[in-house]
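When reading the values below, keep in mind they use all heavy atoms of this one structure, side chains included, and skip hydrogens, waters and symmetry mates. So that the names make sense, note that chain A is the first sequence line, chain B the second, and so on, each numbered from 1. Just so we're clear, the structure is a prediction, and the values are computed from it rather than from any experiment.
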Amino acid sequence: MKYKPQEIEPKWQRFWEKNDFYKAEDFSDNPKKYILIEFPYPSGQGLHVGHCRSYSALDAIARKKRMEGFNVLFPIGWDAFGLPTENYAIKTGIHPQVATEKNVLNYKRQLKSLGLSFDWSREINTTDPKYYKWTQWIFLKLFENDLAYQAEIPINWCPSCRIGLANEEVIDGRCERCRTKVSQKELKQWMLRITKYADRLIEDLDKVDYWENIKSQQKDWIGRSYGVEINFKVENSKKEVKVFTTRADTIFGVTALVLAPEHPLTKTLIAKDRLSEVKKYIKESQDKTEFERTKLEKEKTGVFTGSYCINPINNEKVPVWVGDYVVATYGGGAVMVVPAHDKRDYEFAKRYGLEIREVVKGGDISKQAFVESGTLVNSGQFNGLSSKKAIEKINKWLEKNNVGTKKVQYKLRDWVFSRQHYWGEPIPIVHCQSCGAIPVPEKDLPVKLPYVEKYKPTETGESPLAAITKWVDTKCPECGGPGKRETDTMPNWAGSNWYYVRYCDPKNEKELVDKKKAGYWMPVDWYNGGMEHTTLHLLYSRFIYKFLFDIGVVPQSEPYQKRTSHGMVLAEDGRKMSKSFGNVLNPDDIVREYGADTLRAYEMFMGPFDQTISWNSQGVKGVYRFLDRVWNLTLECTKNKNSAKKTVKAIHKLNKKIQEDMEVVKFNTAIAAFMEFINFCFENKKDIGKDTIQRMLILLAPFVPHITEELWHYLGNKDSVHNQPWPKYDSGLVKEEIITFIIQVNGRVRDKVEVKADISEKEASDLTLSREKIKKRIGEKEIKKIIFVPGKLINIVI
RNA sequence: GCCCUCGUGGCGGAAAUGGAAUACGCGCAACGCUUAGGACGUUGUCCCGCAAGGGUUGCAGGUUCAAAUCCUGCCGAGGGCACCA
């Protein structure tokens, strides 16, 4: 009998499905485990081998947890709104909904062919009105709680296509489609006040078990810094310029202020004789795109307004400039210029001949800015203090004299939540001339996306929905007068913000989720996804979950207990898989040639789970060979009744290794351990009994579910290998009785000897000193020290 | 520029806590089985050396009885942020 995965795999897949093997049970008596993968975007390209990598790995975890007696929820769904499908529709004329349905079917077939143990009864789809009803409901709640608001903000605008572009559509400052330079256009947008949650999003990271690099990326993205806002009075005026700084210790070094061109005070501070020059500068910088202003990072330019401010600490007169290197949206859009101690200010001062005054000792300011901490000089009563002390004292002084306030600043900005596209959730708002923006009443949800023929954005930059007057024109829910529907749709993130909650209760038509069910399943115990989602998706969904907690929908404030990330799978040539390179690998082909088990095991074996790795088709063959050997070994060893003692020891050691490696996401070494064990079995065929084979099959089952199920039944078992309890290893059997003891001289390995594991220091040193090799080494030299590491080695220092 | 991760054979990569560097797989070589090829099996495979022996974890130092692992500096790769005051 030969190993033919193509025959056995579909057979068992049907068997598991027919018998509802992987259904999660609400409120079971067993402890729950919620294992989650990021639900895929069903693109036209079909499943990527990268999906297979992380799904197989988490599937193995889910299967093991079931065997350990947990009630496991391992769900799947579709994140199906978004641009790729809309663009595909524009190109081909196939409606996004039709394309989505087709793609979902294909993905489903592919995922099922891998033998992943998803609970398909909980399948969700973000484009299903029954689902996005609740996405819209969340928006209404945000609006009700003043966390959703409208604001005029600049968006990326392609003057040639006359459409607004998402950041993803802007490549190197140009329109992805026509390569025209993108400019900025002010448009009214819906925004979410995520900044209100900034502190909680940082602090609550202490409660969860994410990989450290993930935590630090979240923190960096939020970018909290503590400082002080200082008021600089405008000379001969009642106006004040507020600047934020984290370096109050350098305040005596201020030789100018610079305002962003967009700063509200800028225009009012221009002296008459400088009007035309300054206005010209402001206009020029506004014509620049955000890309030019930030990415080019070239010369820092600016222009003097003709006005002066007063430095509150020493009453010095400092000139006020306008410069577009100052970020308008951060810290109030104004900075104090301390050329001696800030690189950008140094550059700016050099260019325009501003004074560079040293106030912190430690560097050579004639060459470059000294940005580190040091001791204060030229700073009046604060001379001699360390930077740290000085910041404290100066902050106090500023507060006491009412010219400064301690302040916390964030890099995080409020979240632009509207898109001028068709394929997304309609924002459930009606605009009324007399009542303003009015939420659609809850009973009228969902606001269904109308079925249209044209999805192209309009000339004005509005969403394609704006052209459907029949849909747009409606009644104001407040006064009953004429109203117009909001035509912007929500971004792709909207549906993925909360989908993991819906899995707990996917068919509920009355509520987003039943509170008891959420209470039972949440939080997600283990969430794995791509590194590219560790900032945005993770942060956004944590924010929304916290909000749902605040309004009493869910029982805790953090959605994910543990978060891990997988590395990308590159093509064999080391590049990203892409149609244009012609190096895309279709998992279907691997399944057809080698079977799903080989694909799964290979992707876990190929390297460390969190690292990016190139595909290697030879490596796939190696894994196939290994499974073939598992097959042959099982067939050959059924006649042996009992296993020899060394075999029993080996299988228990394997048991321990697999147990440990799976918990710490080391799938590659787990598979390697299986290979080693199989090699051992082939060398000791006579000593391998059925009991050993069975235990090995159970351990292997989470990784390669089909072959193990087939062999399990071949051995005469009537039930499923996947319903076996996870075996426990005997720690007594795992211990080595005889070890290879290492003998070092001056830290170099000079000899090895087999001894019993619990050899004492005295026995070990006696043994060592009696060895010929060692005697020769030591010769006449004096032994200074003997270091003994029990069960490991001895080191003679001479 | 800042932050994070990492640098080990021809290749992908192993080495909890500092304690045998190179597990496992690929590739390669020889042999066996085969008419042959493939598949399979057995053996070998870090470098120098006939050997005894010596050397080796990007480079240069340091700590230690002992360093791939800890510390300092440099070089290189990947990722994130990017004029954030």
- Query: So which nucleotide does C24(B) pair with, by the Watson-Crick or G-U wobble rule with both distances under 3.5 Å?
  - Reply: G12(B)
- Task: Round to a whole Å and report the spacing from CD1 of I613(A) to C1' of G78(B).
- Result: 13 Å
- Pick the P atom in U56(B) and in C48(B), then give their distance to the nearest Å. 15 Å
- Message: Any side-chain N or O of R748(A) below 4.0 angstrom from OP1/OP2 of G55(B)?
- Response: yes
For nucleotides 23-26 of chain B, tabulate all protein N/O to nucleotide N/O atom pairs closer than 3.5 Å, reporting atom names and distance.
residue	atom	partner	partner atom	Å
A23(B)	O2'	E676(A)	OE1	3.3
A23(B)	O2'	E676(A)	OE2	3.2
G25(B)	OP1	N679(A)	ND2	3.1
C26(B)	OP1	R625(A)	NH1	2.7

- Separation of the P atoms in U22(B) and G58(B), to the nearest angstrom: 16 Å
- State whether the number of non-hydrogen atoms from other residues, nucleotides or ligands found under 6.0 Å of K756(A) atom NZ is greater than 12. yes
- Task: Indicate, with a heavy-atom threshold strictly under 4.0 Å, whether I786(A) touches base, sugar-phosphate, or nothing.
- Result: nothing
- Remember a base hit wins even if backbone is also touched, and classify T740(A) as base, sugar-phosphate or nothing at under 4.0 Å, heavy atoms. base
- Task: Flag the pair E676(A) and K653(A) as a salt bridge only when some basic side-chain nitrogen lies within less than 4.0 angstrom of an acidic carboxylate oxygen.
- Result: no
- Is G10(B) in the syn range, within 90° of 0, or in the anti range? anti
- For A67(B), which nucleotide is its Watson-Crick or G-U wobble mate, given both distances must be under 3.5 Å? none
- Considering only the C1' atoms, how many Å lie between G25(B) and A20(B), rounded to the nearest integer? 22 Å
- Message: Looking at K406(A), I want to see if its NZ is surrounded by more than 12 non-hydrogen atoms of other residues, nucleotides or ligands under 6.0 Å.
- Response: no
- Task: Compute both the distance and the angle, then confirm whether R629(A) meets the cation-pi test with F682(A): under 6.0 Å from the six-membered ring centre, within 45 degrees of the axis.
- Result: yes
- Message: Tell me which nucleotide, if any, is Watson-Crick or G-U wobble paired with A60(B) when both distances must be under 3.5 Å.
- Response: U72(B)
- Item | Spacing of the P atoms in C74(B) and G80(B) (rounded, Å) | 25 Å
- Pick from Y540(A), Y197(A), W221(A): which one makes a ring-ring contact (aromatic ring centres under 6.0 Å, His included) with W415(A)? Y540(A)
- Would you mind classifying the nucleic acid contact of K784(A) as base, sugar-phosphate or nothing, using non-hydrogen atoms under 4.0 angstrom? nothing
- Message: Rounded to whole Å, how long is the line connecting atom NE2 of H566(A) with atom P of U5(B)?
- Response: 20 Å
- Task: Please measure how far the P atom in A66(B) lies from the corresponding atom in A29(B), and state the result in whole Å.
- Result: 43 Å
- Query: If the P atom of G13(B) is compared with that of C6(B), how far apart are they to the nearest Å?
  - Reply: 13 Å
- Task: State yes or no: are the ring centers of W615(A) and Y602(A) separated by less than 6.0 Å?
- Result: yes
- Message: Going by purine N1 to pyrimidine N3 plus the second Watson-Crick contact, or the G-U wobble pair, all under 3.5 Å, which nucleotide sits opposite G78(B)?
- Response: C4(B)
- Task: Ignoring hydrogens and angles, state whether a donor on the side chain of Y410(A) or D199(A) is under 3.5 Å from an acceptor on the partner side chain.
- Result: yes
- Query: Centres of the F348(A) and Y325(A) rings: under 6.0 Å?
  - Reply: yes
- Message: Under a 3.5 Å distance rule, please check whether K215(A) uses its side chain to pair with a backbone N or O of L205(A) as donor and acceptor.
- Response: yes
- Query: Start at the 5' end of RNA chain B and walk down; is the nucleotide closest to Y410(A) or to Q217(A) reached first?
  - Reply: Q217(A)
- Query: Of T245(A), T250(A), D249(A), which is the lone residue that meets side-chain hydrogen bond (donor to acceptor under 3.5 Å, both in side chains) with R247(A)?
  - Reply: D249(A)
- Query: Looking at K300(A), does any N or O in its side chain come under 4.0 Å of the phosphate oxygens OP1/OP2 on C83(B)?
  - Reply: no
- Tell which nucleotide pairs with G18(B), taking only Watson-Crick or G-U wobble pairs whose two distances are both under 3.5 angstrom. none
- Query: If we call it a pair only when both distances are under 3.5 Å in a Watson-Crick or G-U wobble match, what pairs with U34(B)?
  - Reply: none
- Task: Figure out the CG/P separation between L627(A) and C40(B), and round it to whole Å.
- Result: 13 Å
- Message: Under 4.0 Å, heavy atoms only, any strand: does V335(A) hit a base, just the sugar-phosphate, or nothing?
- Response: base
- Message: In whole Å, measure the gap between the P atoms of C46(B) and U35(B) for me.
- Response: 35 Å
- Give the nucleotide from the list C83(B), G13(B), C65(B) with an atom nearest to the side chain of Q611(A). G13(B)
- Query: Toward the 5' end of RNA chain B, which comes first, K411(A) or V749(A), by nearest nucleotide?
  - Reply: V749(A)
- Quick one: look up who A39(B) pairs with, Watson-Crick or G-U, both distances under 3.5 Å, and put none if it's unpaired. none
- Report yes or no: is the cationic atom of R563(A) (NZ for Lys, CZ for Arg) under 6.0 Å from the centre of the six-membered ring of Y210(A), at an angle within 45° of the ring normal? no
- Task: Using atom CZ of R413(A) as one end and atom C1' of C81(B) as the other, report the distance to the nearest whole Å.
- Result: 12 Å
- Pairing of D364(A) and K367(A) as salt bridge, 4.0 angstrom limit: yes
Could you list all N or O pairs between the protein and nucleotides 16-19 of chain B that sit under 3.5 Å apart?
residue	atom	partner	partner atom	Å
U17(B)	O4	K792(A)	NZ	3.1
G19(B)	N2	Q744(A)	OE1	3.3

- Item | Spacing of the C1' atoms in A68(B) and A15(B) (rounded, Å) | 9 Å
